[in-house]
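Order of the sequence lines sets the chain letters (A, B, ...), proteins ahead of strands, with each chain counted from 1.
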2 protein chains.
Amino acid sequence: MLNCHPPSERRHHSLGASRHILDRVGDKWSLSVIETLCHGPLRFNELKKQVEGISQRMLTLTLRHLERDGLVTRTMFATIPPRVDYALTPLGFKLLKPVSELVEWVRENSAEIEAAQRTFDQQTVTPLP
Amino acid sequence: MLNCHPPSERRHHSLGASRHILDRVGDKWSLSVIETLCHGPLRFNELKKQVEGISQRMLTLTLRHLERDGLVTRTMFATIPPRVDYALTPLGFKLLKPVSELVEWVRENSAEIEAAQRTFDQQTVTPLP
DNA sequence: CTGAATCCATTACGATACTG
DNA sequence: CAGTATCGTAATGGATTCAG
């Protein structure tokens with residue numbers, strides 16, 4: 001929970017340790033990859049097809065980060081051609097709940113957010129004469 | 001909610017419209033600023049003192065983004081010296097709930113996450129002879 | 001006091017080519 | 001098939017200086 005308490009009762013840095021996961025939430029591809037994997041394991045190229053727009057490089061990097069944080073497992077099969085399966089860990093599945101609720105919240109409030117953005121953008125527009 | 005359904009039932013881009021807010025969640029300062037403002041309005045320099053480590057530039061930029069998204073209001077007083085109050089909007093307050101639950105989730109699972117990171121990091125370490 | 005402007009370092013990302 | 005390597009570009013953030 002965020003430290004919504006007066007400064008006297010506040011602990012040092014309320015976030016900080018959570019940064020790594022928040023970075024995953026904020027980066028361009030992690031949530032899409034997690035979402036795609038929630039139906040079951042997928043191979044690298046299947047993932048690449050289903051996460052539209054992602055490059056090979058970014059898929060590799062994103063999967064490495066998710067694997068490092070314990071959200072995704074990587075399973076290699078010593079076949080020819082090689083085959084690698086990626087799957088959500090139980091931890092990865094559990095993350096879906098709070099993340100989904102956040103995304104859901106944004107959806108429910110997107111009209112208000114976009115209205116605010118339009119208002120803000122119009123204020124500072126200085127049309128040329 | 002994230003599209004955890006088979007591809008046949010899946011809507012085009014599950015995220016996409018939510019990117020803007022997810023970017024706020026993911027960036028370095030937005031959540032700290034929101035957290036600091038949840039006790040009540042603050043002036044620019046009070047915010048700068050309480051959000052430790054933030055530079056003047058990043059505080060300005062962060063506040064502009066939050067204001068644009070309708071999460072924060074900016075109130076100027078035409079006094080000398082000038083005074084500007086920043087406060088959470090009702091929308092900003094409401095965002096605290098899903099965000100807090102996400103941060104809470106990370107806290108509850110930080111041990112497991114950090115253990116995964118240590119394991120991952122040790123795998124690829126190749127100590128020099 | 002509030003904040004805009006500038007400069008710089010680091011990182012994120014994308015496109016392409018190459019490899020076991 | 002599943003990557004790695006390399007390159008170039010854009011975005012992000014920090015430090016410092018200037019201004020109303």
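Pairs of residues two or more places apart, or lying in two chains, never qualify as salt bridge (charged side-chain N to carboxylate O under 4.0 Å, His left out) while including a residue from residues 38-51 of chain B. Within the structure, salt bridge (charged side-chain N to carboxylate O under 4.0 Å, His left out) contacts touching residues 18-28 of chain A (residues at least two apart or in different chains) are A:R19-A:D23, A:R24-A:D27, A:R24-A:D69. Residue pairs that meet the salt bridge (charged side-chain N to carboxylate O under 4.0 Å, His left out) test with at least one member in residues 85-98 of chain A, sequence neighbours left out, are A:R83-A:D85.
At least one side-chain heavy atom of B:R68 sits less than 4.5 Å from a side-chain heavy atom of B:H20. A:V106 is not listed as a side-chain neighbour of B:L15, based on a closest heavy-atom distance of 4.5 Å or more. Residues A:T75 and A:V84 form no side-chain contact, since every pair of their non-hydrogen atoms from C-beta on lies 4.5 Å or further apart. The closest side-chain heavy-atom distance from A:V25 to A:S30 is not below 4.5 Å.
With B:T89 contributing its side chain and B:G70 its backbone, the two residues share a donor-acceptor pair below 3.5 Å.
Listed by chain and residue number, B:R118 satisfy the side chain to side chain contact (heavy atoms under 4.5 Å, CB included) test with B:A115 (two or more places apart in sequence, or in another chain). Residues passing the side-chain hydrogen bond (donor to acceptor under 3.5 Å, both in side chains) test with A:R64, sequence neighbours excluded: A:Y86. Taking A:S55 as the reference, A:R57, A:M58 meet the side chain to side chain contact (heavy atoms under 4.5 Å, CB included) condition, with sequence neighbours excluded. Partners of A:V51 by side chain to side chain contact (heavy atoms under 4.5 Å, CB included), not counting sequence neighbours, listed by chain and number: A:W29, A:S32, A:V33, A:T36, A:L47, A:I54.
For the segment residues 80-89 of chain B, residues with any heavy atom less than 4.0 angstrom from an atom of DNA chain C are, sorted by number, B:P81, B:P82, B:V84, B:Y86.
Separating the CD1 atom of A:I54 from the C1' atom of C:dA12 is a distance of 13 Å, rounded to the nearest angstrom. Nucleotide C:dA15 holds its C1' atom 16 Å from the CG atom of A:L59, rounded to whole Å. Straight-line distance from the CG atom of B:D27 to the C1' atom of C:dA12: 14 Å, rounded to whole Å. In this entry the distance linking CG of A:L61 with C1' of C:dA12 reads 9 Å, nearest Å.
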Listing time: all N or O pairs from protein to nucleotides 4-9 of chain C that are below 3.5 Å?
none

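The C1' atoms of five pairs define one axis at each end of the helix from C:dC1-D:dG20 to C:dG20-D:dC1, and these two axes lie 40° apart (to 10°).
Each of A:M58 and B:F44 was matched to the nucleotide of DNA chain C holding its nearest heavy atom; the match closer to the 5' end belongs to B:F44.
Using a 4.0 Å cut-off, some side-chain N or O of A:K28 falls inside it from OP1 or OP2 of C:dG14.
For DNA chain D, the outermost nucleotides in 5' to 3' order that have an atom under 4.0 Å from a heavy atom of chain A are D:dC1 to D:dT6.
Under the 4.5 Å side-chain contact rule for hydrophobic residues, A:M76 and A:L63 share a cluster.
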